[in-house]
There are 2 protein chains.
Amino acid sequence: MSNIHIFAEKLRSLGLRPTQQRIIIYSLLFDRKDTFHFTIDDLQNILKNTSTKKISLATIYNTIHSLKDKGYLKEISINSEKTYFDTNISKHHHFFDESKRELIDLNDKDVGKIKIKKAVPGKKITSIEVLVKIANNN
Amino acid sequence: MSNIHIFAEKLRSLGLRPTQQRIIIYSLLFDRKDTFHFTIDDLQNILKNTSTKKISLATIYNTIHSLKDKGYLKEISINSEKTYFDTNISKHHHFFDESKRELIDLNDKDVGKIKIKKAVPGKKITSIEVLVKIANNN
DNA sequence: ACGTAATTTATAATGATTCTAAATTAGTGT
DNA sequence: ACACTAATTTAGAATCATTATAAATTACGT
Ligand SMILES: [Mn+2]
Ligand SMILES: [Mn+2]
Ligand SMILES: [Zn+2]
Ligand SMILES: [Zn+2]
């Protein structure tokens with residue numbers, strides 16, 4: 001059973017035709033052990049360097065947005081300069097390394113329980129996310 | 001002692017000439033009791049509706065960036081659609097109302113102590129920020 | 001293989017932000 | 001008050017990321 005076939009099935013199960021481009025992108029994003037945090041620009045560069053097949057920028061955007069809409073990617077806003085995507089769609093938090101300007105996952109268990117002592121009338125909490133900025137020591 | 005004169009002195013003390021445009025913007029931002037969260041677009045609309053003097057978009061950007069660079073405004077990224085600025089420069093957290101798409105301050109004291117149980121070698125924590133998304137009940 | 005709809009692609013359009021260079025204004029000295 | 005100079009404002013152009021368009025290609029059921 002080749003990975004490609006498995007990815008093709010995954011895509012099909014999402015209602016997305018397993019095109020060559022989607023399989024290449026899907027395997028780049030998900031055929032790895034760890035969470036992958038990336039920008040569209042990152043992805044474009046990696047694809048340029050690792051894939052023989054040229055994938056247009058429009059297709060990169062289309063594919064990422066499809067995967068995001070299907071709930072397979074999370075979008076993360078850290079600053080106005082870049083938009084990040086995250087293959088870890090579970091509830092979790094982040095370190096942001098100000099030096100390398102990259103995200104590192106903080107498991108939900110890595111953060112103590114967060115107590116919110118204020119409520120807004122008529123509103124309920126839908127999510128709580130912590131962003132921990134880090135920089136080089138000294 | 002008019003407010004305008006006070007604002008003029010404030011600006012001067014920041015190394016910014018108290019021009020008519022800056023005084024108008026400064027008083028709009030800071031002559032209020034509560035924190036003000038806004039986008040450039042918000043500011044432009046408010047100025048259009050409240051000020052007789054027309055202020056160019058370039059000047060709005062210039063002024064906001066000057067104030068941000070001087071540490072009098074904080075920039076906040078919630079999502080990729082808009083960039084928010086915050087007149088509250090103290091360490092604090094936020095509610096983000098998904099319905100109204102607006103920010104509400106969460107005082108540092110309104111959030112229980114946050115314990116980060118993971119460290120990154122060679123890195124130190126420079127800030128911890130919590131974003132609590134809220135939506136209409138039911 | 002054929003037909004058709006889905007997808008990809010090059011390219012154009014958009015929108016927010018930044019840049020540019022000319023016009024205006026604020027502060028200084030007379 | 002007037003003149004001078006540097007700082008600031010401004011309209012408009014440039015840039016950059018993202019989205020839209022519409023023609024070419026591909027996937028897939030028949
Ligand atoms: Mn990169
Ligand atoms: Mn608004
Ligand atoms: Zn993550
Ligand atoms: Zn705030």
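Letters go in sequence order (proteins before strands), and every chain restarts at 1. In this text the structure is predicted, and so the values were computed from the model without any measurement.
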Quiz prompt | Sidechain N-carboxylate O distance under 4.0 Å for R101(B), E81(B) | solution = yes
Quiz item: Can you find a side-chain donor-acceptor pair between N88(A) and S90(A) that sits under 3.5 Å?
Solution: yes
Quiz item: Who passes side-chain contact (heavy atoms from CB on, under 4.5 Å) against N62(A), sequence neighbours left out?
Solution: none
Quiz item: With sequence neighbours left out, which residue pairs that include part of residues 14-23 of chain A fulfil the side chain to side chain donor-acceptor pair (under 3.5 Å) condition?
Solution: none
Exercise. Assign a letter to each nucleotide of nucleotides 21-30 of chain D from its 5' end: B, base within under 4.0 Å of a protein heavy atom; S, sugar-phosphate only; -, no contact.
Key: ------BS--
Quiz prompt | side-chain hydrogen bond (donor to acceptor under 3.5 Å, both in side chains) partners for T35(A), two or more places apart | solution = D105(A)
Quiz prompt | Gap between atoms CD1 and P, on I24(A) and dT7(C) respectively (whole Å) | solution = 16 Å
Quiz item: How would you label the contact of S80(B) with the nucleic acid (heavy atoms, under 4.0 Å): base, sugar-phosphate, or nothing?
Solution: nothing
Exercise. With sequence neighbours excluded, tell me which residues meet side-chain contact (heavy atoms from CB on, under 4.5 Å) with I125(B).
Key: V132(A), I134(A), I116(B), I128(B)
Quiz prompt | Distance-only side-chain donor-acceptor flag, D86(A) / H92(A), under 3.5 Å | solution = yes
Self-check item: Distance test, side-chain N/O of Y61(B) to OP1/OP2 of dT17(C), below 4.0 Å
Solution: yes
Exercise. Among residues two or more places apart or on two chains, list those pairs meeting side chain to side chain donor-acceptor pair (under 3.5 Å) that have a residue in residues 51-60 of chain B.
Key: S56(B)-T59(B)
Quiz prompt | Separation of dT24(C) C1' from R22(B) CZ (nearest whole Å) | solution = 14 Å
Self-check item: For atom CG of L16(B) and atom P of dG27(C), their distance in whole Å
Solution: 12 Å
Practice problem: Among the candidates dT9(D), dT19(D), dT8(C), find the nucleotide nearest to the side-chain atoms of N62(A). | Solution: dT8(C)
Quiz prompt | I25(A) CD1 - dT9(C) P separation (whole Å) | solution = 9 Å
Practice problem: Would you mind reading off the distance between K54(B) atom NZ and dT25(C) atom P, rounded to a whole angstrom? | Solution: 13 Å
Practice problem: Kindly write out the residues that satisfy side-chain contact (heavy atoms from CB on, under 4.5 Å) with K118(A), not counting sequence neighbours, or none if the list is empty. | Solution: F95(B), I104(B), L106(B), D110(B)
Under 3.5 Å between N/O atoms: give me all the protein pairs with nucleotides 28-30 of chain C, atom names plus distance.
none

Quiz item: What pairs with F38(A) under ring-ring contact (aromatic ring centres under 6.0 Å, His included), at least two apart in sequence or on another chain?
Solution: F36(A), F85(A)
Quiz prompt | Comparing I40(B) and S56(A) on DNA chain C - which has the more 5′ nearest nucleotide | solution = S56(A)
Practice problem: Can you sort out which residues in residues 63-77 of chain B have a heavy atom within less than 4.0 Å of DNA chain D? Ascending by number, please. | Solution: none
Practice problem: For N79(B) and dT18(D), give me the distance from atom CG to atom C1', rounded to whole Å. | Solution: 15 Å
Quiz item: Under the ring-ring contact (aromatic ring centres under 6.0 Å, His included) rule, what pairs show up with a residue in residues 15-35 of chain B, not counting sequence neighbours?
Solution: F7(B)-Y26(B), Y26(B)-F30(B)
Quiz prompt | Separation of dT10(D) P from L57(B) CG (nearest whole Å) | solution = 11 Å
Self-check item: Whole-Å gap separating P (dT18(D)) and NZ (K82(B))
Solution: 18 Å
Quiz item: I89(B): which other cluster members, linking ILVMFWY side chains closer than 4.5 Å, directly or transitively?
Solution: none
